Amino acid sequence: MVDSPVQHLLDAVRHRLWVRQVLAAGRRALWASAVLGLTLMALHLTIMRVPIVAALASVATLWTACLGWSGFRRPTDATCALWADRHLDGASAFTTWLDLGKPIAGHMHDATVERFAVWVQEQVPSSRRRLNSFTESAQLGKPLAVMMTTAALAGLVLKLPGPTPTPVRPAAASPDATTAASRAERPVSDADVPSTRNVVGDVARALRATGPITANQRAGAGAESAAASGKADSNGIGDASRSRLGALAPDKSTTGQSPMADAIAGSWPTAGTAQTAAAGAGREAGLGLDDRAGFGQSRALTGNMPVRGFVSKALREPADRQVDVDRTAVFDDARASQTSLPAPAGRAAAAAGPPVDSGSMRLTTIETSYVQAWIKATSRR
Amino acid sequence: MNAQPTNDEAYADAHRRLQQLTALLDSVIVGQSSLVMHLVTAVFAGGHVLIEGLPGLGKTHLAKALAAALGLRWARVQCTPDLMPADVTGAEIYTTSVGGASTFEFRPGPVFAQLVLVDEVNRATPRTQAALLEAMQERQVTHAGTTHRLPSPFCVLATQNPIELEGTYPLPEAQLDRFMFKLTVPFPDRDSLRAMLDVSLDTEPSDSLQSIANPDHVLRIAALCRTVLLGTRCREAAVDLIVATQPQPGGGASGMRRHIRYGASPRALQALIRAARVRAVTAGRPHVDVDDLQAVALPVLRHRVLLRLESELDGLDADTALESIIGEWRQQL
């Protein structure tokens, strides 16, 4: 029964199924190409540059795999017979026809087999007519349009330069680009303002040369501060602080010698200033020593929790660096005039900000404030 | 199997007679074409039928018409609770001959007809039911050590009333499995009722029905049906359908299978293929198609599949579950 109308019909069905199989593979390849193009574009824009040659090679490989796999796989007789039974009104005749050549045919009645062979051959013309009228669309329009659009887009995107890491570019050396604000923000190095450093060092040594505050002075200031705790005038200065400040008031003998000295001396409050209460302000806390507690002793409640000991910065500083508040107000106008401080450099130093801190030039807060005030004053000349 | 040689004329004759029988019965029993087709299929497949329907739908009328059309000797048994097995199978009667000799003579019961109509089989006692069902299965009756063969062809049409279940003895599942088909008789539609008046109002159509075949024709056609080719596709499809009605082990069933407690037996598979072969000959084909299997699937499986109690309490019946299973099975082919 190899050469029979049924076998010819099955061969025709095989060709039809093979074409449909290739068309389905083509549809899958078109969709997969579109997805691949989108993936390559995303890769090109985000991670790494994708050469066009590589993209074309991947698409070609995809098409070869899809079409090659489907093209070399021919539908079997069983597949063709089953399809014919389902779609060509075969009524299981073609699949039963294939069983005739199998061992199962041994259980079949010979007369019935002959009758069946006649019947199925009579069925072939109607099935072939139905096969010829069987139409189905290739459905390639949509995937083809999508693939063409993706290909055009990929052709544009892949020509773009890929994402490259931008190196850190050095700043352009242009005098116009350097503004005063940028220079003020830039840390001042010793090479920029050497004279400022020298001036700061001279001022620090001058402050320390006046000597530390005497113990009697501290005790007197402490008693007055204990008696006048909680009171402050309109300037926020309590009686105790005022008394200390009175002790710290600039020497009257120096007043009038220079307008700067008078200005600095006049900036200090005297003991005769009006007194107003500002209970609990605590503004005098930073103007005098805390004599209500001994050095190294904490007024905090002691508990069972081990607390890391804290040593104040003042104690860590050597004694000679402790500020002598009695002498902080002394301003040697003559010495200041002897100091050759070029105005531009001073102005530059003032504009540049405080000098770079180093171990030998570490100033306290009060020293720093004095230095800054002096620098400001010199810059006004 | 010992089948007579078949040829194109035999197939053509069988096809013609089946078509004529179906058309004849459709003219007598109006509005029950599906019932008629299944009944004809069961007769030529060598099986028995259990018919369930309300009273007055023409069940007895159908059996009489079928017997008249096929020229079969038919008998009717009205089951009651006091019906004895001997009333069905027969009994020995002590008789006295003319010469004065007295002997026991076996008087066959109504079961010795070729087409037996057993009305309201669920009203008979289990003992009587067992006697009847044994005769159906063995096609013989043994009485006092003597075996009496039942005639051929032999077909039992048992009926059941779905209402008035008080005082009845429902057939057990093992006994139900002996019936090839379980058919339900629907209420006819309006047009059928109108046509019925024209057919059977004043006369009994079965009384004047001319037979189109005789018992030999029935046997020959039945033998021809047993030679119908069964291809691998239909063979596997029938097996798949029976497997689809089985509950999944482990309780992890999905779909309708989770509602099934007991599935169809291997006897159902045999009944399915035998009935499909008759349908193939009725359609004029010498081979079975999956459409033939689908056409007889529900009558074959309806009484062989048991649902879980909780599913029945939820309102699910066997027909709904089987229609879903058969639909899924057909889509896979």
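The structure displayed is predicted, hence computed values, not measured ones. So that the names make sense, note that chain A is the first sequence line, chain B the second, and so on, each numbered from 1.
Across V50(A) and L158(A), no two heavy atoms sit closer than the pair O-CD2, 3.8 Å.
A salt bridge is absent between R233(B) and D99(A); no separation between the charged side-chain nitrogens and carboxylate oxygens falls under 4.0 Å.
Using a 4.5 Å cut-off between heavy atoms, L98(A) does not touch chain B at all. Proximity to chain B (any heavy atom under 4.5 Å) is shown, for A78(A), by neither the backbone nor the side chain.
Per-residue heavy-atom pair counts under 4.5 Å with chain A were compared for L333(B), V288(B), V290(B), D292(B), and the maximum is reached by L333(B).
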Starting from the C-alpha separation in whole Å, work towards a yes-or-no answer on side-chain contact (heavy atoms from CB on, under 4.5 Å) for T76(A) and T79(A).
CA-CA 5 Å; T76(A) 60; T79(A) 305; 2.9 Å; yes
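A cation-pi arrangement is not found for R285(B) relative to W119(A), the charged atom failing to lie both closer than 6.0 Å to the ring centre and inside a 45° cone about the ring normal.
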